[in-house]
Amino acid sequence: MTQSQIQLTLPDGSVREYAAGTTGLQVAASIGKGLAKAAVVIELDGEVRSLQLPIDASASIKIHTRESSEGLMVLRHSAAHVMADAIKRIRPNAKLWKGPPIEDPRYGFYYDIDFGDEPISQDDFAEIERLMREIIKQDVPFTLSTLERAEARALMVENGETYKVAIIDKLPEDATITFWTNEPFVDLCKGPHVPSTGSIGAGVAVLSLAGAYFEGDAGNKMLTRIYGHAFADKKAMEAHRKNLEEAQKRDHRRLGVDLDLFSTMGDLGAGLILWHPKGGFVRHKVEEFWRHQHLDGGYDFVNSPHIAKRDLWATSGHLDFYKESMYSGIDIDGSEYLLKPMNCPFHVQIFKSKRRSYRELPFRWAELGTVYRYENQGSLHGLLRVRGFTQDDAHLFLREDQVEEEITRCLHFVIDMLRAFGFEEYEMNLSTRPEKSVGDDAGWEKATNALRVALESVGLGYVIDEGGGAFYGPKIDVKIKDSLGRTWQCSTIQCDFSLPERFDMNYVDADGNKTRPVMVHRALLGSIERFFGVLVEHYGGAFPVWLAPTQAVVLSVGERHADAAEALARRCKEQRLRVDADTSGWKIGAKIRHHLWQEKIPLVAVLGDNEIDAGTVAVRSRKDGDLGTMTIEEFSEMLRKHERERC
RNA sequence: GCUGCUAUAGCUCAGUGGUAGAGCACCUCCUUGGUAAGGAGGAGGUCGUGGGUUCAAGUCCCACUAGCAGCUCCA
């Protein structure tokens, strides 16, 4: 093989020979015309690269089409350039900062721009999109160029791109400064890009606009971030829009109003939740289940007040670390009391209320404790981010030799609990020691190891979040995936080296010596408010029979069936089944539509002449459709079965 | 907290300085029905709150409160 020949290994293992300097596009074309057309980028020895660049050395090669996630990332990056190009045409004085694609495929790409005194609004989106389509239609090639630092700087100064100049000035001495051009637009950029604007296709849209701090620092000036999205084709874009609509229909804030579950408005203040009777009932069922699980799991229940003297929070360290998110004091008899942001200091006080022996450990103390934290107004969000919420908190006080087993138990406990609510997929994180932290290396090592052993025992895989631990100890976070594939963080298991020290906790060990217990914080559902919000979105408001505030409605067909319907509902209620009767004058079709589809009640039981004669009901399920007729005994047994089996 | 947007009936929304509107929901009546909307009528609003401009403000301006999309933060 001469030096001017290179060998490219395809993903299927076959090897092809090309002249050095052949472009990715030419390689794709040599494999197939269709591939050349669909290709947007290649991967050479794992590095994603533009198709239009020459390949100089032998490598393994993979050609990504617009369908692959790598291909879409590049497509979106290129679309960001086209959007910037379009924006500069209507706002020539706008200064560009950065415009990357976004890893999470729910979002596409954005560009952060300083519009100065010529702001942009949503009304401009249509024009930006029109210009983008025009640029895409013109099929302008994306070309790479490299400039000397001085030239690069001069070019950006000339274009008025002060932010880009700043980026250049920050680049290391030996950095290669590259630009990508799609005439007439030039952008300081590493690439890679699609071959030409035409490759972006018709699946683009400008979607929203928001503020974003320069360099992501809240101390800096705020720029305008414009979000867009790009897909392989128009159809995929439409599918994405449909998805967004579906998510919107499931939005717990909307369902909270529609189904009369809870409210956040009213005159009580931001981030505070009113639980209406129906939401309150679901919460009751969740908490009832939670209590039963904890009793079975060897926990004891404790309770603590909402306020405590300032000193308690000074000792615990909360005042040092979280002062700005704690509510200001209440004066009681000349002492300052603070609203509790956490339950742990109280549980520590319970531990300290008497001398503890190693024989008593482990303690597993659980509390549904309501805490208050000041959250920035702008981050409040329905039930998911609030200022007052109830944690399903528990603290374990352990001997060192119990840590590994207890943490493993905890993690299994979490999974069992989440499964009951239909969450089957998890993402687990192990967060290790951050820079600013307390405790010694050996302690961190031991605790982190105990968490790792627990994670390995459940065998669901995990990701290490280096330095992501709390200042007082390492932690495991469990994220759940809902029915739309979105992830939510609820559960956390955290080791704590700080509080036992700060509160000088100890127990008497087998040798009669005072010994520090190990403390573990854990929350399974996290915040009941937040978990309920996730649950509403997960089920789309259609709670399963065991959780539903109303499990079934008996529908009378005509006036003469009203008494029988009322009687049946009453009989069910006597058996603690949550069954109502609808004896209104509506037609049967309208009743079914209302209860099953609008109120999202799991079951309806139709009662007319036929059923009364036979002593049956005609049952229809929201989930499974027509269940046919069944005796009243069979009907109530079915409800009881759902209740028992939590489905 | 920051940037932008928003606030009209229980809900969704229309109303571009000159006497507050629709659909759904609600109430009443008619209809007494057979598996995803029967019909008629009625009631319901200090237009988020407080200031200002104007002969006149739901509409324009300012502040506050609350919400939305992000950003920052999240023990």
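Convention: sequence-line order gives letters A, B, ...; per-chain numbering from 1.
When distances run from any side-chain atom of A:R385 to the nucleotides B:C71, B:G34, B:C74, the shortest one goes to B:C74. Taking every side-chain heavy atom of A:Q377 into account, B:G67 is the closest of B:A75, B:G67, B:U72. Of the candidate nucleotides B:A75, B:U72, B:A36, B:U72 has the atom nearest to the side chain of A:N376. Taking every side-chain heavy atom of A:Y227 into account, B:G70 is the closest of B:G70, B:G33, B:U35.
Of the nucleotides present, B:G23 is the one that pairs with B:C11 by Watson-Crick or G-U wobble criteria, both distances under 3.5 Å. Pair assignment for B:U46 gives none, since no Watson-Crick or G-U wobble pairing has each distance under 3.5 Å. In this structure, B:G33 makes no Watson-Crick or G-U wobble pair, since no nucleotide meets both defining distances under 3.5 angstrom. Across all strands shown, B:C73 forms no Watson-Crick or G-U wobble pair with both distances under 3.5 Å. Nucleotide B:U59 is matched to nothing when pairs are restricted to Watson-Crick or G-U wobble geometry with both distances under 3.5 angstrom. The nucleotide B:C68 finds its pairing partner in B:G4, both defining distances of the Watson-Crick or G-U wobble pair being shorter than 3.5 Å. In this entry B:U28 has B:A40 as its Watson-Crick or G-U wobble partner, both defining distances falling under 3.5 Å.
For A:Y227 and A:F109, the ring centers are positioned 6.0 Å apart or more. Between A:W365 and A:F397, the gap from one ring centroid to the other is short of 6.0 Å. Between A:H229 and A:F231, the gap from one ring centroid to the other is short of 6.0 Å. The six-membered or imidazole ring of A:F214 lies near that of A:Y163, with a centre-to-centre distance under 6.0 Å. Taking the six-membered ring for Trp and the full ring otherwise, A:W488 and A:F531 have centroids separated by 6.0 Å or more. Ring centroid separation for the pair A:Y322 and A:W313 does not come in under the 6.0 Å cut-off.
Scanning for salt bridge (charged side-chain N to carboxylate O under 4.0 Å, His left out) contacts around A:R373 gives an empty result, with sequence neighbours left out. Residues satisfying the side-chain contact (heavy atoms from CB on, under 4.5 Å) criterion with A:S379, sequence neighbours excluded, are A:N376, A:R385.
With a 6.0 Å cutoff to the six-membered ring centre and a 45° limit on the axis angle, A:K340 counts as a cation-pi contact of A:F346. For the pair A:R502 and A:Y472, the cation-pi test (distance below 6.0 Å, angle within 45°) is failed.
Using a 4.0 Å heavy-atom criterion, one finds that A:I592 contacts the bases of the nucleic acid, with or without backbone contacts as well. As judged by a 4.0 angstrom heavy-atom cut-off over every strand, A:Q494 is placed among residues touching the sugar-phosphate backbone only. In this structure, A:R373 reaches the bases: a heavy-atom distance under 4.0 Å links it to at least one base atom across the strands shown. Residue-level contact check: A:S121 touches neither bases nor backbone, having no heavy atom under 4.0 Å from any strand. Heavy atoms of A:D609 sit under 4.0 angstrom from at least one base atom. When heavy atoms are screened at a 4.0 angstrom cut-off, A:P119 is found touching no nucleic acid atom at all. Using a 4.0 Å heavy-atom criterion, one finds that A:Y322 contacts the bases of the nucleic acid, with or without backbone contacts as well.
Contact annotation: A:Y374 side-chain N/O to B:G1 OP1/OP2 distance is under 4.0 Å. Distances shown here put every side-chain N or O of A:R620 at or beyond 4.0 Å from the OP1 or OP2 atom of B:G34. Taking 4.0 angstrom as the limit, A:Q122 places none of its side-chain polar atoms (N or O) nearer than this to OP1 or OP2 of B:C5. Phosphate contact (OP1/OP2 of B:G67, side-chain N/O of A:H381, threshold under 4.0 Å): absent. Regarding contacts with the backbone of B:G33, a side-chain N or O of A:R560 is found under 4.0 angstrom from either OP1 or OP2.
Salt-bridge annotation for A:R560 and A:D609: present, with a side-chain N of the basic residue lying under 4.0 Å from a carboxylate O of the acidic one. For the pair A:R433 and A:E466, the salt-bridge criterion is not met [side-chain N within less than 4.0 Å of a carboxylate O]. Salt-bridge annotation for A:E215 and A:K221: absent, with no side-chain N of the basic residue lying under 4.0 Å from a carboxylate O of the acidic one. Ionic pairing of A:D626 and A:R620 is not present here: no N-O contact between side-chain nitrogen and carboxylate oxygen is shorter than 4.0 angstrom. Using a cut-off of 4.0 Å between Lys/Arg side-chain N and Asp/Glu carboxylate O, A:R91 and A:D124 are scored as salt-bridged. Using a cutoff of 4.0 Å between basic side-chain nitrogens and carboxylate oxygens, A:E537 and A:R254 are not scored as salt-bridged.
Counting to the nearest Å, the P atom of B:C30 and the CD atom of A:E559 are 10 Å from each other. In this structure, CH2 of A:W313 is placed 16 Å from P of B:A75, rounded to the nearest angstrom. Per the geometry, CD belonging to A:E611 stands 13 Å off C1' belonging to B:G33, to the nearest Å. Atom NZ in A:K591 sits about 13 Å away from atom P in B:U35, given to the nearest Å. Counting to the nearest Å, the P atom of B:A75 and the CG atom of A:D393 are 14 Å from each other. Look at CD1 on A:I476: it is 18 Å from C1' on B:A75, rounded to the nearest Å. One can place CG of A:L607 at 15 Å from P of B:U35, the figure rounded to the nearest angstrom. Atom CG of A:D112 is separated from atom P of B:A69 by 19 Å (rounded to the nearest Å).
Non-hydrogen atoms lying under 4.0 Å from RNA chain B are contributed by A:Y213, A:G216, A:A218, A:M222, all within residues 213-222 of chain A. Contact check of residues 253-260 of chain A against RNA chain B (heavy atom, cut-off under 4.0 Å) returns A:R253, A:R254, A:V257.
Rounded to whole Å, the separation between the C1' atoms of B:A66 and B:U8 comes to 16 Å. For the C1' atoms, the distance linking B:C60 with B:A22 amounts to 26 Å, nearest Å. Using atom C1' as the reference point in both B:U53 and B:G17, the two lie 12 Å apart (nearest Å). Remark: the separation of the C1' atoms in B:U46 and B:G51 is 16 Å, to the nearest Å.
Considering CG of A:D582 and CD of A:E566, their distance stands at 9.5 Å, rounded to 0.5 Å. Atom OG1 in A:T264 sits 10.5 Å away from atom NE2 in A:H381 (nearest 0.5 Å).
Toward the 5' end of RNA chain B, the nearer of the two residues A:V619 and A:G269, judged by each one's closest nucleotide, is A:V619. Residue whose closest nucleotide on RNA chain B sits further toward the 5' end, between A:T583 and A:E375: A:T583.
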Is there any protein nitrogen or oxygen under 3.5 Å from a nitrogen or oxygen in nucleotides 37-39 of chain B, and what are the pairs?
{"residue": "B:A37", "atom": "N7", "partner": "A:R593", "partner atom": "NH2", "Å": "3.4"}
{"residue": "B:A37", "atom": "N6", "partner": "A:R593", "partner atom": "NH2", "Å": "2.6"}
{"residue": "B:A37", "atom": "N1", "partner": "A:R593", "partner atom": "NH1", "Å": "3.3"}
{"residue": "B:A37", "atom": "N1", "partner": "A:R593", "partner atom": "NH2", "Å": "3.0"}
{"residue": "B:A37", "atom": "N3", "partner": "A:R593", "partner atom": "NH1", "Å": "3.1"}

Pairs: protein N or O with nucleotides 43-51 of chain B N or O, under 3.5 Å:
none

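An aromatic stacking contact between A:Y472 and the base of B:A75 is absent, as defined here by ring centres under 5.5 Å apart and ring planes under 30° from parallel.
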